[in-house]
S.K.: 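Can you read through this structure? Questions will come right after.
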Amino acid sequence: PEVVLNRSINPIGDPTEMANQALGIIESRFGNSSPEYIEALIDVAEVHFGSLERDQAFTLWARIVGMLEKHYGPDHAAIAEVLLKWGSLLHAGEHRSEEAEPLIRRGLAIAEKQFGADDQKTVAFVTMLASIHQDRGNLDLAEDLFRRQLQIYEKSAGPESIGVGYATLNLALLLEGRGRDDEMEV
């Protein structure tokens, strides 16, 4: 049975205000430590980020990680997912790769522990870490990580998969940028 509260959400209001109101409704129904509340808090963080309230979003993601650790323990896959989102936005959206790298590394360690080093669920962390190192000029490390990305896709999805195509493109762009066109295979 759905619980109806005497709260109304203004559908034309400020997005962050609307998200916070919705969070309040979910909190009153499920409590502020339930999985439902944590999921809603993730959505609220995304709304803050989209509304250019970036520091508030990052504060919420730190809080979410703490809540997930308390609820599930330090190595749960949900923590890795939040770390990937948070780290990706720090790196790509904010150009704060120094802050993003430890988040992505921790997420990768969790993903490897939960799924294995060669699982497709780890490849997003490998790719983001490669991108961070490429942008920071650590090209040897970026190349190793892009090669690992390619190997994971070849092993887990097959040589004709779209993942192999994207991984090959990432590696080719890096090699081309390094003047090593002769190493690119078609």
Side-chain angles (χ1 to χ4, degrees), residues 41-69 74-157 159 161-186:
L41 197 57
I42 291 168
D43 293 338
V44 170
E46 290 176 9
V47 169
H48 280 283
F49 189 85
S51 297
L52 303 179
E53 297 173 357
R54 305 290 168 79
D55 289 335
Q56 178 67 21
F58 297 139
T59 299
L60 286 174
W61 276 313
R63 180 176 165 208
I64 291 162
V65 168
M67 293 172 77
L68 289 169
E69 288 172 337
D75 294 327
H76 194 272
I79 295 169
E81 290 176 29
V82 171
L83 291 170
L84 178 62
K85 181 173 298 246
W86 183 10
S88 297
L89 291 172
L90 275 169
H91 170 63
E94 296 290 301
H95 309 289
R96 293 162 58 181
S97 61
E98 296 80 21
E99 295 171 64
E101 184 179 354
L103 300 173
I104 299 299
R105 283 195 178 282
R106 179 171 176 217
L108 176 60
I110 293 169
E112 288 174 335
K113 187 174 186 176
Q114 293 295 319
F115 308 113
D118 294 330
D119 191 275
Q120 279 191 27
K121 294 176 184 152
T122 64
V123 78
F125 298 94
V126 172
T127 305
M128 182 54 57
L129 201 52
S131 177
I132 287 170
H133 285 293
Q134 182 177 18
D135 290 351
R136 292 167 88 186
N138 301 329
L139 301 182
D140 290 337
L141 190 50
E143 181 178 336
D144 291 344
L145 289 163
F146 281 133
R147 288 187 187 280
R148 180 176 172 197
Q149 175 197 29
L150 179 59
Q151 290 171 345
I152 292 170
Y153 276 127
E154 286 175 336
K155 199 178 225 181
S156 65
S161 71
I162 190 74
V164 167
Y166 284 121
T168 301
L169 180 59
N170 286 339
L171 184 57
L173 289 169
L174 178 77
L175 292 173
E176 190 270 333
R178 298 185 82 181
R180 293 170 46 199
D181 299 9
D182 57 320
E183 295 181 43
M184 295 186 286
E185 296 179 18
V186 179

S.K.: Under a 4.0 Å N-O cut-off, is there an ion pair linking Arg105 with Glu101?
M.R.: yes
S.K.: For side-chain contact (heavy atoms from CB on, under 4.5 Å), just list the numbers for Phe58 and Arg63, CA-CA rounded to whole Å, side-chain angles, deciding distance to a tenth of an Å, and then say yes or no.
M.R.: CA-CA 9 Å; Phe58 297 139; Arg63 180 176 165 208; over 6 Å; no
S.K.: Determine the minimum heavy-atom distance between Ala142 and Ala130, stating which atoms define it.
M.R.: CB-O, 3.5 Å
S.K.: Looking at CG of Leu108 and CG of Leu145, how far apart are the two atoms once the value is rounded to the nearest 0.5 Å?
M.R.: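 Leu108 atom CG to Leu145 atom CG measures 8.5 Å (nearest 0.5 Å).
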S.K.: Going by the angle between their ring planes, with limits at 30° and 60°, are Trp61 and Phe49 parallel, tilted or perpendicular?
M.R.: tilted
S.K.: Rounded to the nearest 0.5 Å, what's the gap from CH2 on Trp86 to CD1 on Ile42? Could you check?
M.R.: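 The CH2 atom of Trp86 sits 12.5 Å away from the CD1 atom of Ile42.
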S.K.: Under a 4.5 Å cut-off applied to non-hydrogen side-chain atoms, are His133 and Leu139 in contact?
M.R.: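 They are not in side-chain contact.
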S.K.: Between His91 and Met128, is any pair of side-chain heavy atoms under 4.5 Å apart?
M.R.: yes
S.K.: In chain order, what residues pass the salt bridge (charged side-chain N to carboxylate O under 4.0 Å, His left out) check against Asp43, with sequence neighbours excluded?
M.R.: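 Checked Asp43 against salt bridge (charged side-chain N to carboxylate O under 4.0 Å, His left out); zero matches.
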S.K.: If you define the side chain from C-beta out and look only at heavy atoms, does anything of Ile79 sit under 4.5 Å from His76?
M.R.: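 With C-beta onward as the side chain, the pair touches.
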S.K.: Side chains of Leu68 and Ile64, heavy atoms from C-beta outward: is any pair under 4.5 Å?
M.R.: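 Sidechains of Ile64 and Leu68: in contact.
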S.K.: When rounded to the nearest 0.5 angstrom, what distance separates CG in Leu103 from CZ in Arg96?
M.R.: 10.0 Å
S.K.: Given salt bridge (Lys or Arg N to Asp or Glu O under 4.0 Å), test Glu69 with Arg106 step by step and report yes or no.
M.R.: CA-CA 13 Å; Glu69 288 172 337; Arg106 179 171 176 217; 2.5 Å; yes
S.K.: Could you tell me whether the side chain of Leu174 reaches within less than 4.5 Å of the side chain of Gln134, counting heavy atoms only?
M.R.: yes
S.K.: Applying side-chain contact (heavy atoms from CB on, under 4.5 Å), run through Ser97 and Asp135 and close with a yes or a no.
M.R.: CA-CA 8 Å; Ser97 61; Asp135 290 351; 5.9 Å; no
S.K.: Which heavy-atom pair separates Thr122 from Asp119 by the least distance, and what is that distance?
M.R.: OG1-O, 2.6 Å
S.K.: Is there a side-chain contact between Glu94 and Glu99, using heavy atoms and a 4.5 Å cut-off?
M.R.: no
S.K.: Would you please say whether a donor-acceptor pair under 3.5 Å links the side chains of Gln149 and Thr127?
M.R.: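 Their side chains do contain a donor-acceptor pair, which is all the 3.5 Å distance test asks for.
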S.K.: Minimum heavy-atom separation for Ala57 and Ala45, please, with both atom names.
M.R.: CB-O, 3.3 Å
S.K.: Can you tell me how far apart OG (Ser161) and OH (Tyr166) are? Round to the nearest 0.5 Å.
M.R.: 11.0 Å
S.K.: Does a side-chain heavy-atom distance below 4.5 Å link Tyr153 with Thr168?
M.R.: no
S.K.: For residues Ala100 and Gly87, report the shortest heavy-atom separation together with the two atoms involved.
M.R.: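 Residues Ala100 and Gly87, closest heavy atoms: CB-O, 3.2 Å.
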S.K.: Take Ile104 and Leu83, measure what side-chain contact (heavy atoms from CB on, under 4.5 Å) needs, and give me the verdict at the end.
M.R.: CA-CA 6 Å; Ile104 299 299; Leu83 291 170; over 6 Å; no
S.K.: Can you tell me how far CD of Glu112 sits from CG of Asp118, rounded to the nearest 0.5 angstrom?
M.R.: 9.0 Å
S.K.: May I ask you to decide whether Arg148 forms a salt bridge with Glu154, counting only side-chain N to carboxylate O separations under 4.0 Å?
M.R.: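 The answer is no: the pair does not qualify as a salt bridge.
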S.K.: Which heavy atom of Ile152 sits nearest a heavy atom of Ala117, and at what distance?
M.R.: CD1-O, 3.6 Å
S.K.: Any chance you could measure Gln151, atom CD, to Ser156, atom OG, to the nearest 0.5 Å?
M.R.: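 If I round to the nearest 0.5 Å, the distance is 11.5 Å.
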